[in-house]
Amino acid sequence: MHQAEITAAQAYIRLMAATRAALADPDGAPLHMPLLTSPMAEADEALRGAGLTGNEDRLFALVRELQPTLTGSDR
């Protein structure tokens, strides 16, 4: 795993955590959704930098390596 790939996988993990937090409170979700703009931009930039845009299989493999519980591969 190259540093750019690690950075992209970490950015994706942060985006998922931010999305879960924003959606955890259905009543507050409309207020929290704009907060996802920054993590989405970070993830997009990191994916492009690592050459992973459009390569979900590779991205998810990297995410599983970094945080298996996020993808459910620990089951």
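Under the 4.5 Å side-chain heavy-atom criterion for ILVMFWY residues, no single connected hydrophobic cluster contains both Val63 and Leu15. A continuous path of Ile, Leu, Val, Met, Phe, Trp and Tyr side chains, each step under 4.5 Å between heavy atoms, connects Leu62 with Met16, placing both in one hydrophobic cluster.
Among residues at least two apart or in separate chains, side chain to side chain donor-acceptor pair (under 3.5 Å) pairs with a member in residues 35-45 are Arg14-Glu42. Counting only residues at least two apart or in different chains, salt bridge (charged side-chain N to carboxylate O under 4.0 Å, His left out) contacts with residues 21-41 are absent.
Rounding to the nearest 0.5 Å gives a distance of 11.0 Å between CG of Asp57 and CG of Leu52. Considering CD of Glu56 and CG of Leu59, their distance stands at 7.5 Å, rounded to 0.5 Å. Put simply, CD on Glu5 and CG on Leu47 are 11.0 Å apart, with the number rounded to the nearest 0.5 Å. Atom CE in Met40 sits 13.0 Å away from atom OH in Tyr12 (nearest 0.5 Å).
Closest non-hydrogen pair, Ala4 versus Ala50, comes out as O-CB, 3.4 Å. For Ala11 against Ala43, the heavy-atom pair with the smallest separation is CB-CA, 3.8 Å.
Using a 4.5 Å heavy-atom threshold, the side chains of Leu66 and Ile13 count as touching. For the pair Gln67 and Gln10, the minimum side-chain heavy-atom distance is 4.5 Å or more.
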Residue pair Met33, Leu23: steps toward the side-chain contact (heavy atoms from CB on, under 4.5 Å) verdict: CA-CA 8 Å; Met33 295 307 275; Leu23 297 176; 3.8 Å; yes

